[in-house]
Chemist: 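Quick one: the structure is below, and I'll ask about it shortly.
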Amino acid sequence: MISIVTFLPVLGALLLFCVDRRRETAIKHLAFGASLVTFLVSLGLYQGFRLDVPGPQFTEQTLWIGWLGVEYHVGVDGISLLLVLLTTFLSAVAILSSYSAITTSVKEYMICMLLLETGMVGVFVALDLVLFYVFWEGMLIPMYFLIGIWGGPRRIYATIKFFLYTMAGGVLMLVGIISLYFLSGSRPGGEYTFNLIKLIGLDLPFQTQVWLFLAFAVAFAIKVPMFPFHTWLPDAHVEAPTAGSVILAGVLLKMGTYGFLRFALPLFPDATRYFTPLFSWLAIVGILYGALVAMIQPDLKKLVAYSSVSHLGFVVLGIFALTVQGVEGAILQMVNHGLSTGALFLLVGMLYERRHTRLIQDFGGLARTIPVFTAAFLIVTLSSIGLPGLNGFVGEFLILVGTFRINVLYAALAMLGIILAAVYMLWMFQRVMFGPVTEDANRRLPDLTPREVAVLVPVLVLIVWIGIYPQPFLRTTEASVKQLLAQVHMGYRAGSGEPGAESRGTRAESREWRAESEMGTEPRRPAVVAVSERRDGE
C-alpha cells in the first residue's frame with residue numbers, strides 16, 4: 001500500500017504526458033484526480049494502522065543495489081503517518097487551487113506537482129538511508145522548476161538560492177550517510193548496511209556521534225529552516241506560485257523537523273543530549289526573530305513566510321525538549337502549521353489573483369465587500385495565533401508543557417513568541433479587512449467562488465476538528481514517540497570516560513524520570529541536566 005501511495009502521482013504524471021497540451025481543462029482534472037485518489041488511498045494507511053505498535057508498519061523490503069546493500073525499504077510509524085496524510089491532502093488542495101492561477105505551460109506544471117508529491121511522500125516513508133537521500137534530493141528538481149518557471153519577477157534568484165542552500169545541506173548529509181555505512185561494517189561481526197533499523201543502536205564513540213550529528217543536523221536545520229539558515233525561505237515563498245508556497249510551507253519545511261526525529265535523535269543519542277541546549281536556544285531565537293521581522297513586513301506573503309520561521313521554532317523546541325508532551329506537540333504542530341500556514345498562503349494567493357498586489361497598504365475594508373472570504377481569513381488567522389478551540393493551540397500548549405518540565409526559562413521566552421504572533425497577525429488582519437475601503441478596486445472584488453470554497457472548506461474543517469478533538473492524532477503518535485525517547489534517553493554509552501560514559505550511573509534515574517513524565521506527574525530534574533552540570537563543572 002505504501003508503494004501505491006508513493007508512486008500513484010508518478011502514474012498520473014505519465015498519463016499527463018499522453019494528453020494534448022491544448023486540453024488544459026482535461027489536464028487539470030486528471031492531475032487533481034490523481035492527487036485525490038492518492039489521498040483517498042493513503043487514508044487506508046490510517047485505517048489499518050495499529051496504535052499499540054511503535055515500530056514501522058506496512059513495511060516493504062527488497063534488495064535494490066545488491067553489492068552495496070542498498071534496499072528498497074519503506075514503512076510508516078506514528079511519527080511519519082500523519083505527515084504522509086498531510087502531504088497527500090495538501091497536494092490535492094494545492095492542485096485544485098491552481099486551476100485559475102496557472103495559465104501557461106499547464107501540462108508541465110501539473111506534471112511537476114505530481115512528481116513533487118511522490119518525492120515528498122518518499123522522504124517520509126523511506127527506511128533506507130540511500131533511498132531517503134534519493135527522495136530528499138529528487139524532490140528538489142520539480143520544486144526548482146515550479147519556482148523558476150511559474151514564480152514571480154525575482155524567481156531565478158530565489159530558485160538558485162533555494163537550490164544551493166538545500167544542496168549544500170544534502171551533501172553534508174550524504175557524507176554522514178556514507179560514514180555510517182563504513183562504521184557499521186568495520187566493527188567485528190558488523191554488517192555494511194544503510195538500513196535505518198539496523199543502524200539505530202550502533203555503538204559509536206562520542207566524538208564520532210558529534211560530527212555525524214552535525215552533518216545530519218545542518219541539512220535538517222537548513223530545510224526547517226532554523227535561524228541562521230532561514231534566509232532562503234522568504235525569497236522562495238514570495239516568488240513561488242501560490243500552490244508552491246502551500247507545499248513549501250505545508251510539507252517541505254516539515255522534512256527538516258522530521259529528519260531530526262527520524263535520524264538525528266535515534267542514531268546519535270549522546271550527541272543529541274549534548275547539543276540540546278544549543279538547538280533549544282536557536283529555536284527560541286528563531287521564534288522571536290521570525291515574529292519581530294514578520295511584524296514589520298509590508299508584503300502579506302513575506303509576513304506569512306517569516307511567521308513560518310517563528311512557528312517552526314516551536315516545533316524544534318518541542319523536539320529538543322525530549323519529553324513525551326514536547327515531541328507529541330511538535331509532531332501535531334507540524335500538521336497544524338501545514339494546515340494553518342498553507343491556508344494563509346491560499347488566501348493571500350486568492351487576494352493576489354483579484355488585485356495583483358500583496359502590499360498591505362493597498363487593501364482595507366475588505367470585510368464589507370468579500371464577507372465570506374473575511375470569515376475564512378479570520379478563522380485561519382486565529383488558528384495561526386493559537387486560539388483555544390482551534391488547532392494551533394493544542395500543539396503549542398503541548399510544546400510549552402513539555403518544555404516547561406525541563407526548563408522554565410525556555411518556555412517563558414517561547415511564550416513571548418505567541419504574544420508577538422497575536423500582535424502581527426491581528427494587526428495585519430485589521431489593516432486588510434477593517435476600516436474604510438481604501439481604493440475603488442477593493443469595492444469591486446468578487447467573493448469566494450465555489451471552487452475556492454471547495455479548496456478552503458476541508459482545511460477549515462480540519463483546523464476546527466484538531467482544535468476541538470485532537471485525541472485521534474495524538475494517539476497515533478504516542479507509541480512511536482515513547483519508543484524514540486527511550487532510544488535517546490537510554491542510548492548513553494557506558495564507555496571510556498568520554499562524555500556519555502558518566503551516564504551509566506544515571507540510567508535508572510533517567511528511566512524513572514521518563515516514566516513520571518509520561519504519566520503526567522511532576523517529574524524530578526532529568527538526568528541529562530545533572531550530567532551536563534557535572535561536565536560543565538569539570
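Since the model is a prediction, treat every value here as computed from it, not as a measurement. Residue numbers run from 1 in the order of the sequence given.
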Chemist: Please give me the minimum heavy-atom distance between Trp427 and Met295, naming the atom from each residue.
Modeler: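 That would be CZ3-O, 3.4 Å.
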
Chemist: Considering the options Tyr410, Phe275, Phe320, Tyr289, which one meets the ring pair (Phe, Tyr, Trp, His ring centres under 6.0 Å) requirement together with Trp281?
Modeler: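 Considering Tyr410, Phe275, Phe320, Tyr289, a ring pair (Phe, Tyr, Trp, His ring centres under 6.0 Å) with Trp281 is found only for Tyr410.
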
Chemist: Under the side chain to side chain contact (heavy atoms under 4.5 Å, CB included) criterion, do Leu265 and Ile319 qualify, and how do the steps go?
Modeler: CA-CA 9 Å; Leu265 271 64; Ile319 290 172; 4.0 Å; yes

Chemist: Can you check whether Val84 reaches Val125 side chain to side chain, under 4.5 Å on heavy atoms?
Modeler: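 Of all side-chain heavy-atom pairs linking Val125 with Val84, at least one is under 4.5 Å.
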
Chemist: Asp77 side chain to Ser480 main-chain N or O, any donor-acceptor pair under 3.5 Å?
Modeler: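 Checked: no pair found.
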
Chemist: Within the structure provided, determine whether Leu174 and Glu137 are in side-chain contact (heavy-atom separation under 4.5 Å).
Modeler: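 No. Closest side-chain heavy atoms not under 4.5 Å.
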
Chemist: Can you name the nearest heavy-atom pair linking Gln209 to Ala271, along with the distance?
Modeler: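 Smallest heavy-atom distance, with atoms named: OE1-N, 3.3 Å.
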
Chemist: More than 12 heavy atoms of other residues, nucleotides or ligands under 6.0 Å from OH of Tyr133: yes or no?
Modeler: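 Yes, because the 6.0 Å sphere around OH of Tyr133 holds more than 12 heavy atoms from other groups.
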
Chemist: Main chain of Ala249, side chain of Lys254: is a donor-acceptor contact present, judged purely on distance under 3.5 Å?
Modeler: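 Looks like yes, one N/O pair under 3.5 Å.
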
Chemist: Spell out, as yes or no, whether a donor-acceptor pair under 3.5 Å connects the side chain of Thr159 to the backbone of Gly148.
Modeler: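 Yes, because the side chain of Thr159 sits within donor-acceptor range (under 3.5 Å) of the backbone of Gly148.
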
Chemist: Taking all non-hydrogen atoms of both residues into account, name the closest pair between Ile385 and Ala422 and its distance.
Modeler: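 Closest heavy-atom pair between Ile385 and Ala422: CG2-CA, 3.8 Å.
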
Chemist: Measuring centre to centre across the rings, with the benzene-like ring taken for any Trp, is Phe473 within less than 6.0 Å of Trp465?
Modeler: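 So the answer is yes for these two rings.
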
Chemist: Is the side chain of Asp235 donor-acceptor paired with the backbone N or O of Phe162 at a distance under 3.5 Å, no angle test?
Modeler: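 Pair absent, no side-chain N/O of Asp235 close to backbone of Phe162.
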
Chemist: Tell me the closest heavy-atom pair linking Phe279 and Val316, and the distance in Å.
Modeler: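 Closest approach of Phe279 to Val316, heavy atoms only: O-CG1, 4.1 Å.
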
Chemist: Can a donor-acceptor pair be found, under 3.5 Å and without considering hydrogens, that links the side chain of Thr341 to the backbone of Gly338?
Modeler: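 No; judged by distance alone, with no hydrogens or angles, the pair does not exist.
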
Chemist: Answer yes if the side chains of Lys301 and Ser245 hold a donor-acceptor pair under 3.5 Å, and no otherwise.
Modeler: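 Distance-only check passes for Lys301 and Ser245.
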
Chemist: Around Met415, counting heavy atoms of other residues, nucleotides and ligands shown, do more than 12 lie under 6.0 Å from its CE?
Modeler: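 Open: at most 12 neighbouring heavy atoms sit under 6.0 Å from CE of Met415.
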
Chemist: I need the Asp270 CG to Tyr274 OH distance, nearest 0.5 Å.
Modeler: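 Rounded to the nearest 0.5 Å, the CG-OH separation comes to 12.0 Å.
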
Chemist: So, Ser98 side chain and Ala94 main chain: donor-acceptor pair closer than 3.5 Å or not?
Modeler: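 Between the backbone of Ala94 and the side chain of Ser98 there is a qualifying donor-acceptor contact (under 3.5 Å).
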
Chemist: For the pair Glu239 and Arg358, find out whether any cationic side-chain nitrogen is under 4.0 Å from an anionic carboxylate oxygen.
Modeler: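 Answer for the salt bridge query: no.
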
Chemist: Hey, is NZ on Lys161 packed in by over 12 heavy atoms from elsewhere, all under 6.0 Å?
Modeler: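 Atom NZ in Lys161 is packed in, count exceeds 12.
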
Chemist: Give a yes or no on whether the backbone of Met350 and the side-chain of Arg354 come within a donor-acceptor separation of less than 3.5 Å.
Modeler: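 The answer is yes, because a donor-acceptor pair under 3.5 Å joins these two groups.
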
Chemist: Please check if the number of heavy atoms outside Phe429 that lie under 6.0 Å from its CZ is greater than 12.
Modeler: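 Yes - once you tally the heavy atoms of other residues, nucleotides and ligands closer than 6.0 Å, there are more than 12.
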
Chemist: Is the closest side-chain donor-acceptor distance between Ser80 and Tyr258 under 3.5 Å?
Modeler: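 Ser80 vs Tyr258: no donor-acceptor pair found between side chains.
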
Chemist: Without swapping roles, check the side chain of Ser384 against the backbone of Val380 for a donor-acceptor pair under 3.5 Å.
Modeler: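 Looks like no, no N/O pair under 3.5 Å.
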
Chemist: Is there a donor-acceptor pair under 3.5 Å between the side chain of Arg355 and the backbone N or O of Asp362?
Modeler: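 Checked: pair present.
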
Chemist: Treating His311 as the side-chain partner and Ser307 as the backbone partner, does any N or O pair qualify as donor plus acceptor under 3.5 Å?
Modeler: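 Looks like yes, one N/O pair under 3.5 Å.
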
Chemist: Is it the case that the ring center of His237 lies less than 6.0 angstrom away from the ring center of Phe345?
Modeler: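 That pair passes the under 6.0 Å test.
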
Chemist: Between Phe268 and Phe216 (judged by ring centroids, cut-off 6.0 Å), do the two rings come close enough to count as a pair?
Modeler: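 They qualify: ring centres under 6.0 Å apart.
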
Chemist: Tell me, please, whether Trp136 has Lys223 positioned over its six-membered ring: NZ or CZ under 6.0 Å from the ring centre and within 45 degrees of its axis?
Modeler: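 Pair Lys223/Trp136 counts as cation-pi.
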
Chemist: If the test is side chain to side chain contact (heavy atoms under 4.5 Å, CB included), which one of Leu196, Leu484, Leu485 qualifies with Pro266?
Modeler: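 Considering Leu196, Leu484, Leu485, a side chain to side chain contact (heavy atoms under 4.5 Å, CB included) with Pro266 is found only for Leu484.
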
Chemist: Of all heavy-atom pairs between Glu117 and Thr88, which one has the smallest distance, and what is that distance?
Modeler: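 Looking at all heavy atoms of both residues, the closest pair is OE2-CA, 3.6 Å.
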
Chemist: Out of Phe229, Phe260, Phe213, which residue meets the ring pair (Phe, Tyr, Trp, His ring centres under 6.0 Å) rule with Phe220?
Modeler: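 Exactly one candidate clears the test, Phe260.
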
Chemist: Test side chain to side chain contact (heavy atoms under 4.5 Å, CB included) on Thr477 and Leu332 and set out the steps.
Modeler: CA-CA 9 Å; Thr477 65; Leu332 186 61; over 6 Å; no

